[in-house]
Number of protein chains: 2
Amino acid sequence: MKHILVVDDEPRIAEIARDYLERAGFKVTTAGSGADALAFARSRRPDLIVLDLGLPHVDGLDVTRTLRRQSSVPIIMLTARVDESDKLIGLELGADDYVTKPFSPKELVARVRAVFRRIDAAPERGDIIRAGEVTLDKRRMQASVGAQSIDLTSTEFELLATLASQPGRVFTRAQLLDAIRGVEVESFDRAIDAHVKNVRRKLEPDPRNPRYVLTVHGVGYKFAD
Amino acid sequence: MKHILVVDDEPRIAEIARDYLERAGFKVTTAGSGADALAFARSRRPDLIVLDLGLPHVDGLDVTRTLRRQSSVPIIMLTARVDESDKLIGLELGADDYVTKPFSPKELVARVRAVFRRIDAAPERGDIIRAGEVTLDKRRMQASVGAQSIDLTSTEFELLATLASQPGRVFTRAQLLDAIRGVEVESFDRAIDAHVKNVRRKLEPDPRNPRYVLTVHGVGYKFAD
DNA sequence: ACCGATGATGAAGGAATTATGAAGATGTCG
DNA sequence: CGACATCTTCATAATTCCTTCATCATCGGT
């Protein structure tokens, strides 16, 4: 069963949302502050968060920003004002959808269902990368070799995803830096070597004789094809 | 930097899209009508167009049709209707992907990125060199004779690519040195001989009687034509 | 067919590139 | 603030492969 966290400082609103969402078949937890929401999200990993933009102290955007550093949990924003809200949300990365207050509970349920549909729908083209026995799930940021799933840091994941998305293509270190860091950061090329080493340590059965992430001497790296 | 044209008659929607796409590192221009969009596309050549299907006067399909007569710019359609027939029509006319309204801005960004990934992944003109049975793929830095693929070092690959890019033309050793090393390096001419030997060993069915990389006595080498 | 000049070849040394472990820097969490 | 994780940098070891050289084969003009 999908677990939804509803965050609003007005208990009345939160309760209405809870009633409707529970009736729609979801498990619901409510939180009255941004701090509570963050603590809960960290420890219990809800499947979706309904978040009031106008929380006191730590507002919805702060919560979103903090959450986004560690998770890609879907967020639906509740916004009070119509005029400014779109702009604000537009500027802040991270919300998946938004509902303006006063909202109809039925609309909220519909939006929640829509988000889950999107997520559960057949993976987007390119969202799942399969290259031989290696599988990368971009949405869940999870990698696996065969049935064995492995933990990668976000940088390592991006690096591997870039390589595995086009097996056989040779990437220079500069290209890989772009892919994992964005163009703006200037970093020493050799940082890539360190990440490759770490990826190999986690991914390869025998890191000394890589089967997947291969070195192309004088050029860069490629994923085996 | 990639330049994206967003076309929607609702400024609110266009602005949200602009904000998200700019945060994602794209340069964005917005247009409120099909006529503006066509004018802009003609004069400024954006790298991708996000196009509302339900534009007034000249609708998205008209715009697409007109655009397609003169350009192959990627198009992502925004459509309110989920109707399957619209999808078919749009794809027939050359839309590259679809996002249904109301859309999550994050999804839009993801689709845009996916389209660019597809485009950038496609081999560019000149990236594949074909000379008889020999094929060179610069992106993969791999050569093949018929169906047999061959691993070359980067120097060997550059040497062969230089020769094969102009079959029949004779290259002096100095020219070949320039091509593989850059002008600045001073190296003994005869190093080329060694590379030719190695290329032949890997490439030729019978290295003693070369079929592809031919010696021009007293001058240099050429690729057979 | 001869002979000087040019090319082919295999081996060895050395330059350049990559691998690796550890330390420093940075940011995050409790 | 201290513990922890991650990313980057650095020094050094290991590896690749480029160049050179010596020797033998081939070419072309006479």
Side-chain angles (χ1 to χ4, degrees), chain A residues 34-43 58 62-63 65-71 141 150-160 170-174 176-177 179-182 184-204 206-210 212-222, chain B residues 141 151-160 170-174 176-182 184-204 206-210 212-222:
Chain A
D36 287 355
L38 286 174
F40 183 87
R42 248 196 291 274
S43 60
V58 191
D62 292 329
V63 174
R65 206 174 305 136
T66 308
L67 277 173
R68 276 288 172 269
R69 291 209 201 95
Q70 54 197 19
S71 128
M141 238 194 62
I150 58 182
D151 281 338
L152 297 174
T153 69
S154 58
T155 301
E156 290 161 5
F157 186 87
E158 284 301 323
L159 174 66
L160 183 57
V170 181
F171 292 85
T172 65
R173 289 183 173 74
L176 294 171
L177 262 183
I180 68 178
R181 269 317 194 230
E184 75 281 356
V185 178
E186 275 194 38
S187 204
F188 192 38
D189 263 3
R190 295 292 152 173
I192 292 295
D193 296 37
H195 292 300
V196 167
K197 175 190 56 174
N198 292 330
V199 169
R200 281 178 174 158
R201 181 164 47 77
K202 297 175 179 178
L203 182 75
E204 302 277 357
D206 175 12
R208 302 272 171 163
N209 282 54
Y212 304 115
V213 179
L214 307 181
T215 303
V216 182
H217 195 97
V219 186
Y221 296 94
K222 71 174 179 180
Chain B
M141 230 195 68
D151 279 339
L152 298 173
T153 69
S154 56
T155 302
E156 291 160 4
F157 186 87
E158 285 302 323
L159 174 64
L160 184 55
V170 182
F171 292 84
T172 65
R173 289 183 174 75
L176 293 171
L177 260 184
D178 278 9
I180 67 177
R181 268 333 211 198
E184 76 283 355
V185 177
E186 275 190 43
S187 207
F188 192 39
D189 264 3
R190 295 293 153 170
I192 292 295
D193 297 36
H195 292 302
V196 167
K197 173 192 57 175
N198 292 330
V199 169
R200 281 178 174 157
R201 180 165 46 78
K202 296 176 179 178
L203 184 76
E204 302 278 358
D206 175 12
R208 303 275 169 163
N209 281 52
Y212 305 114
V213 179
L214 308 181
T215 303
V216 181
H217 198 93
V219 187
Y221 297 95
K222 70 172 181 180

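Here is the naming used below: chain letters follow the sequence lines, and residue numbers restart at 1 for every chain. Note that the coordinates shown come from a computational prediction; the quantities given were computed from them, not determined experimentally.
Using a 4.5 Å cut-off on side-chain heavy atoms (C-beta onward), B:Leu152 and B:Leu159 make no contact. Proximity of A:Arg173 to A:Arg190: side-chain heavy atoms (C-beta onward) are separated by under 4.5 Å at one or more points. Between B:Tyr221 and B:Leu176 there is a side-chain heavy-atom pair separated by less than 4.5 Å. Using a 4.5 Å heavy-atom cutoff, the side chains of A:Glu204 and A:Tyr212 are in contact.
At D:dC7, one or more side-chain N or O atoms of A:Ser154 fall inside 4.0 Å of OP1 or OP2 (strictly under the cut-off).
Atoms CD (A:Glu158) and P (D:dC7) sit 11 Å apart, rounded to a whole Å. Separating the CD1 atom of B:Ile192 from the P atom of D:dC17 is a distance of 17 Å, rounded to the nearest angstrom. As a whole-Å value, the separation of B:His195 NE2 from C:dG7 P is 16 Å. One atom, CZ of A:Phe188, and another, P of C:dA25, lie 17 Å apart when rounded to the nearest Å. Rounded to whole Å, atom C1' of D:dC7 lies 10 Å from atom CD of A:Glu156. Separating the CZ atom of A:Arg42 from the C1' atom of C:dC29 is a distance of 7 Å, rounded to the nearest angstrom. The CZ-P distance, from B:Phe157 to D:dC17, rounds to 15 Å in whole Å. Atom CG of A:Asn198 and atom P of D:dA5 are 14 Å apart (whole Å).
For B:Asp151, there are no side-chain hydrogen bond (donor to acceptor under 3.5 Å, both in side chains) partners two or more places apart in sequence or in a different chain. Listed by chain and residue number, B:Thr155, B:Glu156, B:Lys202 satisfy the side-chain contact (heavy atoms from CB on, under 4.5 Å) test with B:Thr153 (two or more places apart in sequence, or in another chain). Partners of A:Arg200 according to the side-chain hydrogen bond (donor to acceptor under 3.5 Å, both in side chains) rule, which considers only residues two or more places apart in sequence or in another chain, are A:Thr215. In this view, A:Phe40 and A:His3 satisfy the ring-ring contact (aromatic ring centres under 6.0 Å, His included) rule, not counting sequence neighbours.
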Next on the checklist: Apply side-chain contact (heavy atoms from CB on, under 4.5 Å) to residues A:Val216 and B:Met141 and explain how you reach the verdict.
Outcome noted: CA-CA 9 Å; A:Val216 182; B:Met141 230 195 68; 3.9 Å; yes

Item to check | Contact pattern, 5' to 3', of nucleotides 8-20 of chain C - B, S or - by protein heavy atom under 4.0 Å | outcome: SBB------SBSS

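Remark on the helix from C:dA1-D:dT30 to C:dG30-D:dC1: inter-end axis angle 40°, axes from five-pair C1' superpositions, rounded to 10°.
Minimum atom distance to the side chain of B:Thr153 is reached by D:dC18, of the listed D:dC18, D:dC7, D:dT20.
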